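Here's the structure, in structure tokens; my notes come after.
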Amino acid sequence: MGIELPEGYSSPMPAPTPATKAPETGAGLDADGSDTAVPLPATDTPPHRYTAELADRIERDWQELWAAEGTFYAPNPVGELAAEPGSELEERARRPKLFVQDMFPYPSGAGLHVGHPLGYIATDVYARFARMDGRNVLHTLGYDAFGLPAEQYAVQTGQHPRVTTESNIANMRAQLRRLGLGHDSRRSVVTTDTDYYRWTQWIFLQIFNSWYDTEQNKARPIAELVEQFSSGQRPTPGTVPWAELSSQQQRSIVNGHRLAYLSEAPVNWCPGLGTVLSNEEVTADGRSERGNFPVFKRNLRQWMMRITAYADRLIDDLAALDWPVPVVQMQRNWIGRSYGARVDFATVSASSADGTAVLPPISVFTTRPDTIFGCNSLVVAPEHPAVDTLLPPHWPHDTPAHWTGGAATPADAVAMYRAQAGTASELERQNDSRTKTGVFTGAYALNPVAQVRVPIFIADYVLMGYGSGAVMGVPGEDKRDWEFSEKFELPIIRTVQPPEGFEGKDFEGDGVMINSGFLNGLPWPEAKKRMIDWLTEHEHGAGTVSYKLRDWLFSRQRYWGEPFPIVYAVDDTAVKDNATDGDAPDGNPTNRADIDGEPIALPESMLPVLLPEVDDYSPVTYHPDDADTDPAPPLAKAAEWTTVQLDLGDGLKTYRRDANVMPQWAGSCCYQLRYIDPRNSEQLCDPVNEGYWMGPEPLVHGADDPGGLDLYVGGVEHAVLHLLYARFWHKVLYDLGHVHSSEPYRRLFNQGYIQAPAYVDSRGVYVLADEVVEYSGVFSWRGQPVRREYGKMGKSLKNVVTPEQICAEYGADTFRVYEMSMGPLESSRPWESRAVVGAHRFLQRLWRVVLDEQTGQPRVTDEPASAQSRQVLHRTIDGVRADMVGLRFNTAIAKLIELTNHVTTAYPDGAPREVAVPLVLMVAPLAPHIAEELWRRLGNTGSLTYTDFPHADERLLVTETIEYPVQINGKVRARIRVAADAEESVVREAALADAKVVAYVGEKILKKVIVVPGRIVTVVV
RNA sequence: GCGGGAGUGGUGUAACGGCAGCCACGCCAGACUUAGGAUCUGGUGCCCUAACGGGCGUGGGGGUUCGAAUCCCCCCUCCCGCACCA
């Protein structure tokens, strides 16, 4: 995962000039007409005003102090990061915990723009609030540093990706530090560190060394499967008893059960990138998500992860998570579970001697087995393996001409159709025409229920990758089948009665069965159940569940990734022969030198398997359209690394290392577990620490709490990929007993994106947003009019604004407050540099509430606050607390500004301490540096990080008198003030006695008077 | 096409079914100023009115309700995801 930074943007920034400013009139001319440069700097700024310069000083001081004191260190229960007895951290360790996490960033060389830190600031505000609210808070930020950009840079420049990566991380750390993020720096892991990827490899071994027990519905150690086979508890596939199988055969069977396995199956091969890709990394139009190269389905032997074993749990367990509805929905759709039935169609060849020769049956998957009486055809995917065995040598004598595709024989027709579907499919899918195509196979199938013979077609609208790659054509209740039936003039029979007046074609709604034999008259759900029972009873099928989810393709032919801790036994002589042959090792696990091609896991003691140094970081890439090419990973070229002598328990032997690397997702699947115990060299993380930070808390979150960290914030772009993979890995670790939590992320929050205005001139060319001026709503650039658009911030739109620019102009606190005040965290909104000043003015006012701008001395008084001020204060506390918990920082800021404005006007000569102090504390999570400084200048020592967040006094939330608006026929016409505890009848009388109300009501008859206690009085006349 | 989300001043937005527009930007006026792209104060939904005051207003249409930006139905528009998933 990891965020992508704007390509090619690098740090030197233009002078901080707001994008939209009125043109200077008469600039450069002074009174006597002589040319002067810029106006003189302000001379009347009070010496202790809160300016950008002062903010900068304060911010750097406090950042230094926080770092020096380990202010944000969160103690663990056990291990190296546990609180030492008698230390300050001991108190923290006794607090209830809170684990907050941001999505793992990818450290690009570019640098951050103002859109990137939005989520980091939000989590920081939340974490700081939680610390003040008595929590022990784990919040850190690591780096997901394996991946393509550093590798591609290395390919171009020859610089080792590690060098690039390290400097990028240093750069990004510095940028983020400037924002005052309160991270536990001890826990900031980097996926490319050997201490980290050692554990990624370790997790791979856990997955490799386990299998999914469908009876217990969990993963179990592979040794327990072997035991089941050898004890006879589980029958061996085939007829030969386990003991009589060769050890090679045994290994092959066991390997076929592992959760990580090698499979020769159709995978997404991307010649342009020189690597295979997972389904999730391929776009709808068959291109690579990265680079937009064509992707081809090819049979290659690759690493797969058996995520499909977890399909049900990955869907069902979503219910217990506090996640955004769209993300839950996207995961459900991606897994795509549907309940239906398998139906076996016997096949008959029309041209065989007696016309009834039985071939192997073809199974279809259908969600509507109840409609089988309307089946007019069997349609299979072009690449369906059964097709070739079906084809009769000649067309049946009554074959309509337009079924044959103009071919002389079924075999020709199928070959032609396959060729055409194979080459043109990607392009044709693009142009949405969706005309159904297909060709008759010359063969027939038998509808097992209706006992009717139906023709078998191949058509590319049937996908080999879903269900069984074959469908029964039922036009009456399926749009696609209707279209197909029209095209090939197949008979159309409805089996569900459409409602009166239905004039469409296929009807997919609820109704009563017709033309359906023993199902006639049954409503839909019953008919489905009845048919499944019938199929099961007569052994023509069974109820089944189908999923869209495929197993996860887990190997990549790249350099900059985690090596697999896997070797293959090789024949020494064969290796020599290979070398003299001049055959380049291709990294494909079916190398000729291999004895059996079966993977062997290295023992834990041999971890980490270090990434070797190589001369050439690039995989072999090809012309993007050349599908007939083979993957050739860079590691295969490191001959000294790939061939190793190891003693794996049976003496020193020669092995070949797996030359693939893991996909970039691997490092981000379990990073929360390393955050928990970053220095643990014995275990991924101590279960005691994991239980503390992530264990289920039924008393807090309810009986079905799966555990997991408390808040996970990141972009919605990871809704499927990262979040699905991470849940899968976590569940494997849970099944194997390594963690207490069955889910990694209890609460998920998707922050919105910051968009930016971009400006286009009359030629349609983007112009530098920095140089655009606005006057009366019209935008111009160097005198010519330009048009405003909104888009992603980036170099191509010439509209990048960096945090450094804003910090230089206003300070980090202003930047933080502005970002948090722009709107709800989850919604996307445009950046507007000129609006940032509003946040700055707020902090300036706050500063002035506490300090004298001339002397820098506190100006708060010990006078009591007015009753009204107390009420405003405590309502603010009440509201801000609720907003903080709910991540509604925009409304929290509005309330704090309101309170500040109140104090400013109510106490021009100095605010009462009892208001100023809680105000400062409430601002602290949002603008921590200024709050720390004000807190210190109010006479406190040290950081306020663990100072109690103010609590509202319940008694002050209620007022003595209440103002009721009085509505007459829905319009507010008057206001009355009554005692807060006044009876309803008193309120009613007071309202009716009000002069304005009397005037409005006049002679009319009162139909109704409603008093909503504490709210409103409504009069209906 | 299917699924999800959203439409409120010039702008970003705020409103447990109960005073629509909190807060901020911008704009207008004023203060301090040689100066303002600094700071402070006041005003600012639209329309009518000199003013008092009044009318209209949350994409459009209907409904529930004493009362709807909010709940329900239909339509329109925009954004996101999936896309021949049987």
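Computed from a predicted model, the values in this text were never measured in an experiment. Lettering follows sequence order; numbering is per chain, from 1.
Under the 90° criterion around 0 for the glycosidic angle, B:G26 counts as anti.
Side-chain atoms of A:M330 lie closest to B:G81 of the nucleotides B:A14, B:G81, B:U39. For A:R49, taking side-chain heavy atoms from C-beta onward, the closest of the listed nucleotides B:A38, B:G12, B:G67 is B:A38. Distance from the side chain of A:R834 is smallest for B:C25 among the nucleotides B:C25, B:U13, B:C19. Minimum atom distance to the side chain of A:L463 is reached by B:A86, of the listed B:U39, B:A86, B:C66. With B:A86, B:C19, B:G26 as the candidates, the nucleotide lying closest to the side chain of A:F365 is B:A86. For A:K548, the listed nucleotide lying nearest its side chain is B:C82; candidates were B:G67, B:A86, B:C82. Taking only side-chain atoms of A:V837, from C-beta outward, the nucleotide of B:G26, B:A86, B:U13 with the closest atom is B:G26.
Annotation: B:G45 and B:G26 have their C1' atoms spaced 15 Å apart (nearest Å). With both ends at atom C1', the span from B:C79 to B:C73 equals 24 Å, rounded to whole Å. Comparing the P positions of B:G4 and B:C48 gives a spacing of 45 Å, expressed to the nearest Å. Of the P atoms belonging to B:A86 and B:A15, the separation is 40 Å, rounded to the nearest Å. Spacing of P atoms, B:G62 relative to B:G57, comes out at 12 Å, to the nearest Å. Distance noted for atom P between B:G54 and B:G1: 49 Å (whole Å). For the P atoms, the distance from B:G60 to B:A50 is 30 Å, rounded to whole Å. Comparing the P positions of B:G37 and B:C28 gives an interatomic distance of 12 Å, to the nearest angstrom.
With hydrogens and angles ignored, the 3.5 Å screen pairs no side-chain donor or acceptor of A:N890 with any backbone N or O of A:M820. Between the side chain of A:D506 and the main chain of A:G476, no donor-acceptor pair closer than 3.5 Å is present. The main-chain N or O of A:A719 is found under 3.5 Å from a side-chain atom of A:Q331 such that the two form a donor-acceptor pair. With A:D551 contributing its side chain and A:T308 its backbone, the two residues share a donor-acceptor pair below 3.5 Å.
Within residues 897-905 of chain A, the residues that place at least one heavy atom under 4.0 Å from RNA chain B are, in residue-number order, A:I897, A:E898, A:N901.
A ring-centre distance under 6.0 Å is found for A:F457 and A:F484. A ring-centre distance under 6.0 Å is not found for A:W482 and A:F507. Ring pair A:H840/A:Y50: centre-to-centre distance below 6.0 Å.
Across the protein-nucleic acid pair, A:E832 atom CD and B:C27 atom C1' stand 13 Å apart, rounded to whole Å. As a whole-Å value, the separation of A:I976 CD1 from B:C19 P is 15 Å. If you take CZ of A:R845 and P of B:C23, they are 10 Å apart, rounded to a whole angstrom. Between the C1' atom of B:C80 and the CD atom of A:Q755 lies a distance of 12 Å, rounded to the nearest Å. Rounded to an integer number of Å, the gap from A:L846 CG to B:A24 P is 14 Å. In this structure, A:L721 atom CG and B:C82 atom P are separated by 9 Å, rounded to whole Å. B:G54 atom C1' lies 15 Å from atom CD1 of A:I968, rounded to whole Å. Look at NE2 on A:H384: it is 13 Å from C1' on B:A86, rounded to the nearest Å.
B:A69: no Watson-Crick or G-U partner with both key distances under 3.5 Å is found in any strand. The partner of B:A6 is B:U77, by the rule that a Watson-Crick or G-U pair needs both atom distances under 3.5 Å. In this entry B:A50 has no Watson-Crick or G-U wobble partner, no candidate having both defining distances under 3.5 Å. If you check B:A31 for Watson-Crick or wobble pairing at under 3.5 angstrom, you find it paired to B:U39. For B:A83, there is no paired base (Watson-Crick or G-U wobble, both distances below 3.5 Å).
Between A:K528 and A:D370 there is no salt bridge, since no side-chain nitrogen of the basic residue lies less than 4.0 Å from a carboxylate oxygen of the acidic one. For the pair A:E483 and A:K479, the salt-bridge criterion is met [side-chain N within less than 4.0 Å of a carboxylate O].
Counting any heavy atom pair closer than 4.0 Å across all strands shown, A:Q329 reaches sugar-phosphate atoms only and no base atom. Counting any heavy atom pair closer than 4.0 Å across all strands shown, A:K1008 reaches sugar-phosphate atoms only and no base atom. The residue A:S338 sits close only to the backbone: its heavy atoms come under 4.0 Å of sugar-phosphate atoms, none of a base. In this structure, A:R973 reaches the sugar-phosphate backbone alone: every heavy-atom distance under 4.0 Å involves primed, P, OP1 or OP2 atoms, never a base. The residue A:V972 sits close only to the backbone: its heavy atoms come under 4.0 Å of sugar-phosphate atoms, none of a base. Using a 4.0 Å heavy-atom distance criterion, A:T367 is classed as a sugar-phosphate-only contact. Within the nucleic acid shown, A:R888 has no heavy atom closer than 4.0 Å to any nucleic acid atom. Looking at heavy-atom distances under 4.0 Å, A:V462 makes contact with a base.
Contact check, A:N890 against B:A14: a side-chain N or O comes under 4.0 Å of OP1 or OP2. In this structure, A:R1015 does not reach the B:C66 phosphate: none of its side-chain N or O atoms is under 4.0 Å from OP1 or OP2. For the pair A:R841 and B:G26, the criterion of a side-chain N or O lying under 4.0 Å from OP1 or OP2 is met. Contact check, A:Q844 against B:U39: a side-chain N or O comes under 4.0 Å of OP1 or OP2. Look at A:T891 and you won't find any side-chain N or O under 4.0 angstrom from OP1 or OP2 of B:C23. In this model, the phosphate group of B:C40 is approached by a side-chain N or O of A:R848 to a distance below 4.0 Å at OP1 or OP2.
Heavy-atom distances to RNA chain B give each of A:H840 and A:V471 a nearest nucleotide, and the one nearer the 5′ end belongs to A:H840. Between A:S821 and A:I893, the residue anchored nearer the 5' end of RNA chain B, judged by the nucleotide with its closest heavy atom, is A:S821.
A:S363 and A:D344 form a side-chain donor-acceptor contact under 3.5 Å, judged by distance and modelled atom types alone. Side-chain N/O atoms of A:T495 and A:E477 include a donor and acceptor closer than 3.5 Å.
Atom NZ of A:K487 is surrounded by more than 12 heavy atoms from other residues, nucleotides or ligands within 6.0 Å.
The base of B:C84 lies close enough to the side chain of A:K436 for a donor and an acceptor atom to sit less than 3.5 Å apart. A donor-acceptor contact under 3.5 Å is formed by the side chain of A:T1018 with the base of B:G18. Put simply, the side chain of A:R975 and the base of B:C19 share a donor and an acceptor less than 3.5 Å apart.
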